[in-house]
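Chain letters run A, B, ... following the sequence lines, proteins first and then strands; every chain starts at 1.
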Amino acid sequence: MPDSLNRMVITPELNYDQLTIPEATLIQQQLRGHLNLEPLQKGIQTIAGADISLALYSETVYAGLVVLSYPELQPISYSLVKSSTIFPYVPGYLAFREIPAILKAYEQLPVKPDVVMFDGNGILHGRRMGIASHFGVLTGAVTMGCAKKKLAGQYGEPGASKGEYTHVTDKGEVIGYAVRTKDHVKPVFISPGHKMSLEDSLTLALKCTGKHRLPEPTRHAHEYVNRFRIGALAEGYYEVERWRLF
DNA sequence: GCGACAG
DNA sequence: ATCTTGTCGC
């Protein structure tokens, strides 16, 4: 890999805007060699959801992470950062468009979450390097993906009840799951990103599922960045206020 | 060439 | 993803 591209992979101040698709593909192939899909190594006490919101035809992106307590799933802190991107949305290369902004929000967190769940895929990707895996390898964080639509592979329709799931396979290997998180609602696509196993991602996704289709981490993240974009929340790091009865 | 195609 | 209005259901 050319040195110029290698710097793009390890530099804290990422700038993917000038990359061509062939160069981005090379970076994904390089990062793939550092993937770790072994089982979780420690207990989980916090899990964050990461997402971005943007206005149509605008290069401004509103990124954020919402950290939840686990297994209670109550928001305890959040980080919001306004940034910009010109890298277009290209299926299979979402990471190059969203990671720079999400990384800034992540760096703004004084205490990192035990797991980060992305609105997108982990290894459920043609080159096994979706945004969750890309971010994980880049930062060393434990990550997983939860997409609302299938990006790659084949799968059978899971049963209609909440909790039922099927394998998503590609080229003979299981790369994720189609999970029914709510009765009679379209399934979501779950896959490990980094530092967790396929089974870990499925277990965590189900434990993070409440009364909505989307798991609590990404559901809250989506809600927060949208409120940030419309001006209801300001950029910065905050700890959620709570009314305690003792 | 044709169909698929995260956000 | 975002743009949009109403509508059906818990």
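Contact annotation: the side chain of A/V168 never approaches that of A/V174 to less than 4.5 Å [non-hydrogen atoms, C-beta and beyond]. Side-chain contact between A/K182 and A/K211 is absent, with no heavy atoms from C-beta onward closer than 4.5 Å. A 4.5 Å side-chain heavy-atom check between A/L65 and A/V116 finds at least one atom pair inside the cut-off. Annotation: side chain of A/T25 is in contact with side chain of A/R127 (closest heavy-atom distance under 4.5 Å). Within the 4.5 Å cutoff, no side-chain heavy atoms of A/L54 are placed close to those of A/T60.
Within residues 79-90 of chain A, the residues approaching DNA chain B are A/Y89, by heavy-atom distance under 4.0 Å. Heavy-atom distances under 4.0 Å link DNA chain B to no residue of residues 209-227 of chain A. Of the residues in residues 146-174 of chain A, A/A147, A/K148, A/K149, A/K150, A/L151 come within less than 4.0 Å of DNA chain B through at least one heavy atom, sorted by number.
For residues 199-209 of chain A, no pair satisfies salt bridge (charged side-chain N to carboxylate O under 4.0 Å, His left out), with sequence neighbours left out. The stretch residues 169-196 of chain A participates, sequence neighbours left out, in these ring pair (Phe, Tyr, Trp, His ring centres under 6.0 Å) pairs: A/Y155-A/F189, A/Y165-A/Y177, A/H167-A/Y177.
When heavy atoms are screened at a 4.0 angstrom cut-off, A/D119 is found touching the sugar-phosphate backbone but no base atom. Residue contacts shown for A/G145 are absent, as no nucleic acid heavy atom lies under 4.0 Å away. Counting non-hydrogen atoms under 4.0 angstrom, A/L54 reaches the backbone sugars and phosphates but no base. A/L124 comes within 4.0 angstrom of nothing in the nucleic acid, heavy atoms only.
DNA chain C contains no stems of three or more consecutive Watson-Crick or G-U pairs with both distances under 3.5 Å. For the strand DNA chain B, secondary-structure stems (runs of at least three Watson-Crick or G-U pairs, all distances below 3.5 Å) are absent.
Residues A/K162 and A/T181 have side chains that never bring a donor and an acceptor to within less than 3.5 angstrom of each other. A donor and an acceptor atom, one from each side chain of A/S53 and A/N226, are located under 3.5 Å apart. Defined by atom type and a distance below 3.5 Å, a donor-acceptor pair is present between the side-chain atoms of A/E23 and A/T20. In this structure, a donor-acceptor pair under 3.5 Å is absent between the side chains of A/R227 and A/Y62. A/Y57 and A/E59 are not linked by any side-chain donor-acceptor pair at a separation below 3.5 angstrom, with hydrogens and angles left out of the test.
Distances shorter than 4.0 Å separate none of the side-chain N or O atoms of A/S58 from OP1 or OP2 on C/dT2.
Scanning for side chain to side chain donor-acceptor pair (under 3.5 Å) contacts around A/D119 gives A/K148, with sequence neighbours left out. In this structure A/R219 satisfies the salt bridge (Lys or Arg N to Asp or Glu O under 4.0 Å) test together with A/E216, sequence neighbours excluded.
For an aromatic pair to be called close, the ring centres must be under 6.0 Å apart, and A/Y237 with A/Y78 fails this. Aromatic rings from A/F87 and A/Y93 are positioned such that their centres are separated by 6.0 Å or more.
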Pull out every protein N or O sitting under 3.5 Å from an N or O of nucleotides 4-10 of chain C, one pair per line with the distance.
none

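The separation between A/E98 atom CD and C/dT2 atom C1' is 13 Å, rounded to whole Å.
Between A/K104 and A/E235, none of the side-chain N atoms (NZ, or NE/NH1/NH2) sits under 4.0 Å from a carboxylate O, so this pair counts as no salt bridge.
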Going through the checks in order, is the side-chain hydrogen bond (donor to acceptor under 3.5 Å, both in side chains) test met by A/Y16 and A/T85? CA-CA 9 Å; A/Y16 288 150; A/T85 321; over 6 Å; no
Given the rule in the side-chain hydrogen bond (donor to acceptor under 3.5 Å, both in side chains) test, do A/R229 and A/Y224 qualify, once you have shown the distances and angles that lead to the verdict? CA-CA 9 Å; A/R229 181 169 64 82; A/Y224 277 61; over 6 Å; no
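First and last contacting nucleotides of DNA chain B toward chain A (any atom under 4.0 angstrom from a heavy atom, 5' to 3' order): B/dC5 to B/dG7.
Other residues sharing the hydrophobic cluster of A/V111, ordered by chain and number and joined by side-chain separations under 4.5 Å: none, the residue standing alone.
No path of Ile, Leu, Val, Met, Phe, Trp and Tyr side chains, each step under 4.5 Å between heavy atoms, connects A/L151 with A/I175, placing them in separate hydrophobic clusters.
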